[in-house]
Amino acid sequence: MSQPNRLATGGRIDRGRPLAFRFDGRTLHGYAGDTLASALLANGVHLVGRSFKYHRPRGILGLGAEEPNALIQLGRGNRTEPNLRATQIELFDGLDAQSQNRWPCLRFDVGAVNSAFHRLFPAGFYYKTFMWPPALWKTYEEVIRNAAGLGKAPEGPDPDRYERMHAHCDVLVCGGGPAGLAAALAAGRSGARVILADEQSEFGGSLLGEADVAIGGSPATDWVAEVVAELESMPDVTLLRRATVNGYYDHNYLTVAERVTDHLGVGLPTVPRQRLWKIRAKRVILATGAIERPLVFRDNDRPGVMLSSAMRGYAVRYGVLAGDRPLIVTGNDDGYRTALALADRHARVAGIVDLRAEPEGPLVEAARDRGIEVFAGHSVAGAHGGRRVEAAEIAFMTRDGSGITGGTRTIECDAIAMAGGFNPTVHLFSQSRGKLRWDEERAIFLPGTSHEAEVSVGGCAGTESVAQAIKDGIRAAVEQVRDLGHTVRQPAAPAVEEPGQGAGNRVIWMLPSTAPVGRKGKHFVDFQNDVTAADVMLATREGYRSIEHVKRYTTTGMGTDQGKTSNVNALAIVGQTLGVDVPAVGTTTFRPPYTPTTIGAYGGRDVGRLFAPVRTTAMDSWHRANGARFEHVADWMRAYYYPKDGESFRQAVDREVTAARQGVGVLDASTLGKIDVRGKDSAEFLNRVYTNAWAKLGVGRCRYGLMLKEDGMVMDDGVTTRLADDHFHMTTTTGGAARVLNWLEEYLQTEWPEMDVRLTSVTEQWAVASICGPKSRELLGRICTDIDLSNDAFPFMAMQEGTVAGIPARVFRISFTGELSYEINVPTRYGLALWEAVMAAGADLGITPYGTEAMHVLRAEKGFIIVGQDTDGSVTPLDLGMDWIVSKQKPDFIGKRGMARPDLSKPDRKQLVGLYTKDPNEVLPEGAQVVETLKPKPPMAMLGHVTSSYYSPSVGRSIAMALIKGGHARKGQTLHVPLEGRTVEVTVTDGTVFFDPEGSRRDG
Amino acid sequence: MLLITCPYCGPRDDAEFSYGNQAHIARPVDPSVCSDQEWAEYLYYRDNPKGPFAERWMHAAGCRRWFHVVRDTNTHAILQTYKVGEWPDPAIDPREGTS
Ligand SMILES: [Zn+2]
């Protein structure tokens, strides 16, 4: 239970609640309130990972979202999650964490030989290698893939539940530090609808890690608690903890990833694991704080080298000393706050290396008074140590900071705090398309011109004092809510005591050493992607000028941390090397998400069965109970075939086809698209959208129609029936139903708004049993007594209303098989009853249910096309040999002008033909290419492809249709279909009607 | 995620809408008199400006009505939405020869 680096008192941890956790199999202990990072440091564990390219030992660098090194694989099995920042993982009992990117273990890593052979991995390594012969790349790829990598994906489906929430608010406050809390309070008191989101487990932001700030005479965290309590009492204020505002999109639409149960280690039945909030905010207040900048010096990646604010935060917030003997390296007064905070907590501060030649001010005085040695005007020439920093070499700098003078001096230390100044966290501002502004004097990017209705306050606007952050937060909120028309009730800004900041930050982008950068050791810029200052400089020597190119060439800033600690250093080093200022190099563009977000959160409930709707027909339960196999057709599940005891697919389909030809079969045709067309202009409307004529169609009569797009290509087909002068029942293909309805609506609303036509989708209103075969009239006669079924009274292509099995029905005498056939439509709720009645009445006739495959065979035997299978959006009616359905008389219909293009009547267009294989039992694969002249191997000139291909039990051989160049003129020609390892010889048939070409079976 | 004001329903997320490209391109009254070039321009040629653009949208997950939007393709600002049969404000009308 011993935690050697844990202080006896202090911090926001609960010493009464010890927690056990595992790191790389070792059991350690921490406390409730810890992060994994703080608990590891409490146990003296600094080495937490190996670097990406060189496999160098790495420790914890930061305190929060900025962490580039301490990437953790959390959990096991299907719940494991890679690349989590140890600094943001809340500790729970039983937490099981593993370090990443090391083999065989963290302390001994064979990959570290990369360090010795680092010339293998210069900047642009990947690009340069790709330039080499492809054969060599394969060798490299294998080596690299084995050695590199950031964690492992889970192997099975995610067992947890995720949700999406949609919300609207007047003001969304992003970040719950001093500025954000003040803004939320001001907006909330004024009655605005407010959402305050913060990524941490509790509100307070940077105040949680400061011991030297008092607000209203009390510790700052007391003020935080008061404000949070008041906000919680407001009904129109929503507080989101553990909620990262990770995306800022157009028109003030933001996403927030809320981790609801991750900190518990176990899911709860009542809530999701994570929620993705989608928030539309009238105004946004960005209070996202600032991230400290590392200093670039030799071997600045040794475990124990940390951001100064992080080292202070671990001590103050978690009661953990990252080192007994820390050395502070700083360009500003904030580093002194760290030195004092650590000294107050019994650390033996090894000294303060100050880049400034003559530091002065109250903090500097206080440090000197404490007996802390200040090395003014010094550089850190390098860090020493392997798995832990052991010493720093320091030296006097020349006045301009470009080199060192005199010798170096070694200072023993077990931790180094880097205080390079604070970069405002402008990520969300940048995501919103706001333009950044470079402040040359402070060497930081600040929010410049806004694009959306937002305002930045506090640290992300460059404010360094807590007092000012609170004032700015209040002022910004007041301006926004006043603008939105609320009555302002402004909270008074509290009195704040905080250390005064002195002479500003001295910025030296690369700390000078005994040798030029690149000669000795490594000066890391991007810790996560292992990019050094030498790499960045090499890129500029090789001609790269824009930061966007340097980024991609060196991969700096391209890791999962998006360069939170590296971007500005990289930009500045490029600028310095080229002798231009930072804006001339460019700014980087930040993209969502701010921190990595689980795919689960984005997917929400749209997984598994809820990923896409599945539509079933009224007869679905019967199909299931009777052993049907199913296939997806658009969103529908359709019965594919009904195998009987031990039948193969082919045997079942052959039996179903034969029954429909010789006896009676029944098909569930409910999925066909159906559109009710009404209004006095309906016939004229059909005239415009179909290729054939509709005005004279009699009431109770049906007609087949083809719809084209304006370019003359076939779009859909179906049978439409006139129910009354001004009323039609249109059918479409199963897959085309929604598309056709949308398209017809578009014409009615936008081109012909004067037409009196109304369209209603009635696909779901009708269940359809289609009975087919010579015995279908006899069968129907048994369950329908109020319709005269004789050929004269009820001819082909007619519709009759009546009663079938006691159910009101519309019966259509239409046929997709060439057989005598009736499509019985009943209201959907009677669909199953109809089906059962048909099955019962036809039992002694041998009624056979058939599925979609038999339907395909039956229609192909008759040469009927399936739009989308035998056509592909580049096929005209002429290509299909369907000139007969294209009206020559109508002055206009959709597609007429398009079809008139000379190109579309060329004789060498691909045209639909029938094919017979030489071997009658050979069934061609659909999609197979057809060639005229065989060659030993590809390429061969291709004529087209097979669109439909089946074994036809009715013809007693295989049949196929194909789209072939100039196909209509190729009757009787022998062509070839090259397949894998063999070739099939085919003959072009005379037409595409393979069975009953006279049509003698249609009337039974 | 744009916020689009449907003239019939009010402001809604763009997820509720489907896009219909450039607005105010009428189908020729008599396509048969169009030359191939004129027909191709009607069918395929569309403007692609950087700046205000009059385009068609349909409130697919709402009232299912088509309407018009003047949107700045650079800033994504929605400058105006209006019904079929109506025209953009003269002050922002992006159509050729109108501004
Ligand atoms: Zn609407």
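Every heavy atom of this structure was used, including side-chain atoms; hydrogens, water molecules and symmetry mates were not. It should be emphasised that the depicted structure is a prediction, and the values quoted were computed from it without experimental measurement.
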Honestly, the part of B:L43 sitting under 4.5 Å from a heavy atom of chain A is side chain
Okay, B:R64 and chain A: the region with an atom under 4.5 Å from a heavy atom over there is both
Looking only at B:A26, B:C34, B:S32, B:A40, the option with the highest number of non-hydrogen pairs under 4.5 Å against chain A is B:C34
The interface call for B:Y42 against chain A, heavy-atom contacts under 4.5 Å, is side chain
So, the part of A:I894 with a heavy atom under 4.5 Å from chain B: the answer is both
Does a salt bridge link A:R280 with B:D13, judged by any charged N lying under 4.0 Å from a carboxylate O?
-> yes
The interface call for A:F893 against chain B, heavy-atom contacts under 4.5 Å, is backbone
If one checks every heavy atom of B:T75 against chain A at 4.5 Å, the contacting part turns out to be both
The interface call for A:D892 against chain B, heavy-atom contacts under 4.5 Å, is side chain
message: Can you confirm whether B:D89 is buried at CG, in the sense that more than 12 heavy atoms of other residues, nucleotides or ligands lie under 6.0 Å from that atom?
response: yes
Highest number of heavy-atom pairs under 4.5 Å with chain B among A:K278, A:K896, A:Q749, A:H451 belongs to A:Q749
Measure the shortest side-chain to side-chain distance between A:N742 and B:S18 over non-hydrogen atoms and say whether it is less than 4.5 angstrom. no
Rounding to 0.5 Å, atoms OH (A:Y253) and CG (B:D14) come to a distance of 8.5 Å
### Worked check of side-chain contact (heavy atoms from CB on, under 4.5 Å) between B:Y44 and A:D711
CA-CA 10 Å; B:Y44 301 117; A:D711 62 4; 3.4 Å; yes
Nearest heavy-atom approach of B:R27 to A:Y747 is CD-CE2, 4.0 Å
Taking every heavy atom of A:E751 against every heavy atom of B:I25, the minimum-distance pair comes out as OE2-O, 3.9 Å
So, the part of B:W66 with a heavy atom under 4.5 Å from chain A: the answer is both
Q.
Looking at A:R897 and B:D30, is any side-chain nitrogen of the basic one under 4.0 Å from a carboxylate oxygen of the acidic one?
A. no
If one checks every heavy atom of B:A23 against chain A at 4.5 Å, the contacting part turns out to be neither
Nearest heavy-atom approach of B:N74 to A:R433 is O-NH2, 2.6 Å
A:H251 and B:M1 have their tightest heavy-atom pair at CB-O, 3.9 Å
